[in-house]
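Working notes for the structure below.
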Amino acid sequence: MLTRRQTLALGAGGLAAMSAPGLVMAREDRGPSLHELAQAKGMRFGSALGVSPPGTVSGAFHDPQYRQLLIDECGVLVHENELKWYVARPDAQTFDFDRADIIMDFAEENGMEMRGHTLLWHHTDWFPDWINNHDFGSRPGTEAERMLTEHVRTMVERYRGRIYSWDVVNETIDEAGRFRQTALSRHLGEEVIDIAFHIAREADPDAELLYNDYMNWEAGYERQQEGVLRLLERLKARGAPIDGLGVQGHIGSGNYDYSTGFDTAREDTWREFLDDVVGLDLSLSVTEFDVHDKNLPADIETRDREVAELGRRYLDLMFSYPQTKDLLVWGLADQYSWYQEHWVREDGVAKRPTPYDENFQPKPLRQAIADALIAAAPRP
Ligand code: G3I
């Protein structure tokens with residue numbers, strides 16, 4: 001049953017599609033769901049979900065078969081874009097939660113929890129233009145802190161008790177390990193990060209507060225790992241109320257320029273990084289897992305096998321840390337992966353980075369995730 005808001009979002013076409021015969025395998029045919037396997041170890045499994053226009057890669061909500069797959073497999077959802085500043089804040093005076101509430105309502109109607117992504121994507125490219133062009137006046141630091149405080153407080157208070165975990169800050173360390181500067185940090189310095197965490201904690205003392213970034217286990221990410229670790233050390237030293245690190249988990253090949261080989265994992269340095277992070281008394285969450293197959297052969301059987309093998313290795317390593325409790329994928333079926341629109345393959349074939357194919361059939365990666373959850377030790 002959909003709410004009025006969801007019905008309006010789907011429109012006539014979406015409702016007509018509601019009666020489409022489900023291609024998704026019946027629940028009982030598939031054994032325990034990925035979330036049930038996770039729950040058995042004190043963990044969660046879920047996925048991102050977008051409400052962009054129907055037919056777009058981030059418009060999966062409009063697909064009734066995809067919604068059913070989420071219900072079948074997930075215990076937690078996260079907004080793909082709808083709570084980002086550039087989406088929820090069309091101007092300095094407006095908070096637009098309509099699209100975000102569609103996902104929130106859907107999760108709650110179906111007994112799923114919600115993560116919050118993200119209160120501050122501290123990267124100029126993802127700030128709305130009205131912030132980048134804002135006149136911060138004669139006391140710019142005061143104005144910047146007022147703007148940030150209003151944003152974080154309004155977002156967190158609105159969903160207090162409904163979002164159990166927030167990506168308070170996303171991606172403020174670049175691939176060279178440097179702190180990104182923005183229109184806010186220009187006036188607040190790095191304290192912009194601390195302020196976001198303190199306001200979020202005040203607004204919802206019970207929510208888990210994470211720093212989320214895409215540093216990875218592949219060769220080439222060492223400086224970003226170092227930059228993230230030093231930021232976490234400084235935040236902890238300054239008393240910022242941070243609970244954990246969101247490890248996005250966009251593994252595989254083809255992201256940016258230097259990540260060319262499919263499997264360039266440096267498990268030794270990656271473990272050193274994770275050891276140092278948990279040594280700060282921080283939790284780990286895999287927040288955006290997928291396996292980029294850009295540099296793999298086009299053959300589907302080969303790609304699916306190699307994607308599953310690498311995914312299993314990664315998850316076995318991440319789950320070997322008892323501090324890892326959540327696994328969310330950044331899309332549950334291939335056609336709704338952001339990778340269909342980024343670093344397109346030279347041969348032009350569609351990517352296969354998620355657990356299900358475009359016909360909602362489980363792939364080897366789905367089995368790899370299930371096996372990693374089954375093999376994981378129960379969380380303490
Ligand atoms: O909604 C507009 C649409 O109206 C317009 O016609 C179209 C024209 O380009 O743009 C649409 O907005 C797009 C938006 O997704 C919603 O679909 C943006 O162009 C597009 O850049 C945006 O991409 C998102 C990206 O973050 C940037 O926000 C992806 O869907 C989303 O999967 C991706 O997710 C990020 C995480 O937030 C952070 N970690 C990395 C991850 C992958 O990049």
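Every number for a ligand or one of its atoms is a count from 1 in the order of the listing. Nothing here was measured: the structure is a model prediction, and the numbers come from that model.
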Checking Arg67 against Phe61: charged group under 6.0 Å from the ring centre and within 45 degrees of the axis?
-> yes

Do the ring planes of His117 and Trp121 sit parallel (below 30°), tilted (30 to 60°) or perpendicular (above 60°)?
-> tilted

Quick note, salt bridge (charged side-chain N to carboxylate O under 4.0 Å, His left out) partners involving residues 274-290, not counting sequence neighbours, are none

Which pairs, with at least one residue in residues 334-343 and sequence neighbours excluded, count as a salt bridge (charged side-chain N to carboxylate O under 4.0 Å, His left out)?
-> Asp334-Lys363

Close residues, ligand 1: non-hydrogen atom nearer than 4.0 Å | Ser52, Ser58, Glu80, Asn81, Lys84, Tyr86, His117, Trp121, Trp126, Asn170, Glu171, Gln248, His250, Glu288, Trp330, Trp338

Here the salt bridge (charged side-chain N to carboxylate O under 4.0 Å, His left out) pairs for residues 233-254, sequence neighbours left out, are Glu190-Arg234, Glu190-Arg238, Glu191-Arg238, Asp194-Arg238, Arg201-Asp243, Arg230-Glu233

Atom CZ of Phe95 and atom CH2 of Trp85: how far apart are they, to the nearest 0.5 Å?
-> 8.0 Å

